[in-house]
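First the structure, in the form of C-alpha cells, and then the observations on it.
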Amino acid sequence: MLRAVLWDIDGTLAETECDGHRVAFNRAFERTGVPWRWDERYYGELLRIAGGRERLLHDMESCDRAPHAPEARVALAAAQHALKNDYYVRIVKEGRLSLRAGVLELLNDCTRAGVLLGIATTTSRCNVEALLAQELGQDWSARFATVVCAEDAPRKKPDPQAYEKALEALALPPSEVIAIEDSPAGATAAQRAGLAVVVTSSYYFPACNVDVLARGPSLGTTEGWSPPADRSVDRIDLGQLMRWQAAP
Ligand code: XBP
Ligand code: MG
C-alpha cells in the first residue's frame, strides 16, 4: 500500500545546485570581497558535503586565502550562507529554476489519488518556500502533509533525521511510503529511515550506487529505468511507483 511520497528538493524536484546555490554563493563571495569562486566542476566535488554552510566550512579547510582562526571561519561561513540564501531566493523569484520533467505530473497524480505528499530536505526553509511558491503557487504548502527542512533536521543526509521526522509527522510506517531522491547520500538517508527509494539521477549525481527500489534518468521518461518502467506511457506515474513498490 502506498500512502505517501516524500520528496527531496535539490537535484530531485529541481536542478537547483549549479545554476542556483552555486551561482548564489559566488554572488555572495563577490559582493563581500571573499577572494574565491566555485566553478561548475569544483562545486560538484564540494557537493559531497551536504549543507551549504558545512560545504563552505569544509572548503575553507583547504583554502589558503580563508581566515586562519576557526571562529573567524565559522562567522564567515554563517554570514556568507545567509547572504547566499538571499541571492538564491532572488534567482528563484526571477524564474531561473524550474521543476524537473515529470515532477508536477507525479505530484498531481498523488494529490488526485489521496497519496500524501511530503518534503524531506537538508536545505534551508527559505529556499524551499521560495521554490515551491514560485513553481506551485502561493498556496503550495496546502498540498504537503509535512515539510521537513534543515531547521527541523539539522543532521544532514546521509543521516536519516530528515526522513525520520517526516515519517513521524505523517504517522505512517515506512513500508507505506516511498522517497524520491537524486544523490547517494539522500538515498542512504531515506533507506536508513526504512524507506524504499526511487532515484532520479541529476546533473551532479548521474549515477547512484546505492541499491534502491528503482533508478532512472528522469521522472519525465519511462526509458532507461531499472527495473524497467512501463513504456506504453511517457513518464513515471503513480501506478508505476505502486508497481515497483508491490514487486517481490
Ligand atoms: C541539499 C544540500 C543543500 C543545498 C544548499 O541536499 O546539501 O545544502 O546544496 O542548501 P539534499 P543550504 O538534496 O540531499 O537535501 O545552503 O540551505 O544548505
Ligand atoms: Mg538532492
Side-chain angles (χ1 to χ4, degrees), residues 4-25 43-44 46-47 49-55 81 84-93 95-108 110 116-137 140-167 169-170 177-190 193 195 197-205 208 218-220:
V5 175
L6 289 175
W7 293 79
D8 169 49
I9 294 275
D10 296 301
T12 301
L13 230 84
E15 284 283 10
T16 55
E17 294 291 5
C18 189
D19 300 330
H21 293 293
R22 183 186 68 89
V23 169
F25 265 118
Y43 190 72
L46 290 177
L47 280 178
I49 311 297
R53 197 183 60 83
E54 292 81 353
R55 192 168 297 141
H81 186 239
K84 181 280 286 184
N85 280 349
D86 290 347
Y87 281 119
Y88 176 86
V89 168
R90 276 191 226 179
I91 289 169
V92 167
K93 287 186 174 167
R96 291 176 190 271
L97 305 174
S98 46
L99 296 181
R100 290 185 64 190
V103 166
L104 182 61
E105 292 83 351
L106 186 53
L107 290 170
N108 289 342
C110 292
L116 298 176
L117 293 170
I119 301 289
T121 178
T122 54
T123 197
S124 315
R125 184 166 293 274
C126 58
N127 301 334
V128 176
E129 287 175 349
L131 184 71
L132 295 184
Q134 177 74 21
E135 294 300 309
L136 299 178
W140 68 271
S141 64
R143 299 192 59 176
F144 292 87
T146 180
V147 179
V148 176
C149 306
E151 290 82 351
D152 315 300
R155 296 205 298 271
K156 305 291 181 202
K157 299 172 186 177
D159 190 288
Q161 191 181 38
Y163 281 102
E164 286 169 353
K165 294 235 166 176
L167 278 175
L170 292 173
V177 182
I178 283 180
I180 307 192
E181 272 287 353
D182 68 310
S183 68
T188 303
L195 295 168
V197 188
V198 169
V199 168
T200 60
S201 315
S202 60
Y203 178 69
Y204 278 123
F205 296 104
C208 175
S218 158
L219 296 171

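Source: prediction; values computed, not measured.
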Taking the side chain as everything from C-beta on, heavy atoms only, tell me whether [X] gets closer than 4.5 Å to [Y].
| X | Y | answer |
| --- | --- | --- |
| Phe144 | Leu132 | yes |
| Trp140 | Val147 | yes |
| Trp7 | Val103 | yes |
| Glu15 | Leu97 | no |
| Asp152 | Arg125 | yes |
| Glu129 | Ser141 | no |
| Asp19 | Ile91 | no |
| Leu107 | Leu136 | yes |

What's the separation between atom [atom1] in [X] and atom [atom2] in [Y], rounded to the nearest 0.5 Å?
| X | Y | atom1 | atom2 | answer |
| --- | --- | --- | --- | --- |
| Thr12 | Leu99 | OG1 | CG | 12.0 Å |
| Leu219 | Leu13 | CG | CG | 9.0 Å |
| Thr16 | Ile9 | OG1 | CD1 | 8.0 Å |
| Ile178 | Cys110 | CD1 | SG | 9.0 Å |
| Ile49 | Glu54 | CD1 | CD | 9.0 Å |

I need the minimum non-hydrogen distance between [X] and [Y], along with the two atoms involved.
| X | Y | result |
| --- | --- | --- |
| Ala145 | Leu170 | CB-CD2, 3.7 Å |
| Ala120 | Tyr163 | CB-CE2, 3.5 Å |
| Ala179 | Ala190 | CB-CB, 3.7 Å |
| Val23 | Cys18 | CG2-O, 3.5 Å |
| Val197 | Ala187 | CG2-O, 3.8 Å |
| Lys156 | Ala150 | NZ-CB, 3.5 Å |

Going by the rule side chain to side chain contact (heavy atoms under 4.5 Å, CB included), which residues pair with Ser124 if we only count those two or more places apart in sequence or in a different chain?
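Once residues adjacent in sequence are excluded, the partners of Ser124 under the side chain to side chain contact (heavy atoms under 4.5 Å, CB included) criterion are His81, Asn85, Cys126, Asn127, Glu151.
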Would Val5 and Val198 count as a side chain to side chain contact (heavy atoms under 4.5 Å, CB included) if you check the C-alpha gap in whole Å, the side-chain angles of each, and the deciding distance to 0.1 Å?
CA-CA 10 Å; Val5 175; Val198 169; over 6 Å; no
Any chance you could lay out the side chain to side chain contact (heavy atoms under 4.5 Å, CB included) test for Thr123 and His21, step after step, and finish with the verdict?
CA-CA 10 Å; Thr123 197; His21 293 293; 3.7 Å; yes
Can you check side chain to side chain contact (heavy atoms under 4.5 Å, CB included) on Tyr204 and Asp182, steps first, answer last?
CA-CA 9 Å; Tyr204 278 123; Asp182 68 310; over 6 Å; no
Start with the C-alpha gap between Leu47 and Asp10, add the side-chain angles, then the distance that decides, and say whether side chain to side chain contact (heavy atoms under 4.5 Å, CB included) holds.
CA-CA 11 Å; Leu47 280 178; Asp10 296 301; over 6 Å; no
For Lys157, which of Thr188, Thr121, Asp8 qualifies under side-chain hydrogen bond (donor to acceptor under 3.5 Å, both in side chains)?
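Going through the options one by one, the only one that passes is Asp8.
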Checking Phe25 now: which residues fulfil ring pair (Phe, Tyr, Trp, His ring centres under 6.0 Å) with it, not counting sequence neighbours?
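Ring pair (Phe, Tyr, Trp, His ring centres under 6.0 Å) check on Phe25 returns Phe29, Trp38.
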Residues in salt bridge (Lys or Arg N to Asp or Glu O under 4.0 Å) with Lys165, at least two apart?
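Counting only residues at least two positions away or on another chain, Lys165 forms no salt bridge (Lys or Arg N to Asp or Glu O under 4.0 Å).
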Hydrogens and angles aside, do Glu17 and Tyr43 bring a side-chain donor and acceptor to less than 3.5 Å of each other?
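The answer is yes; a qualifying pair exists.
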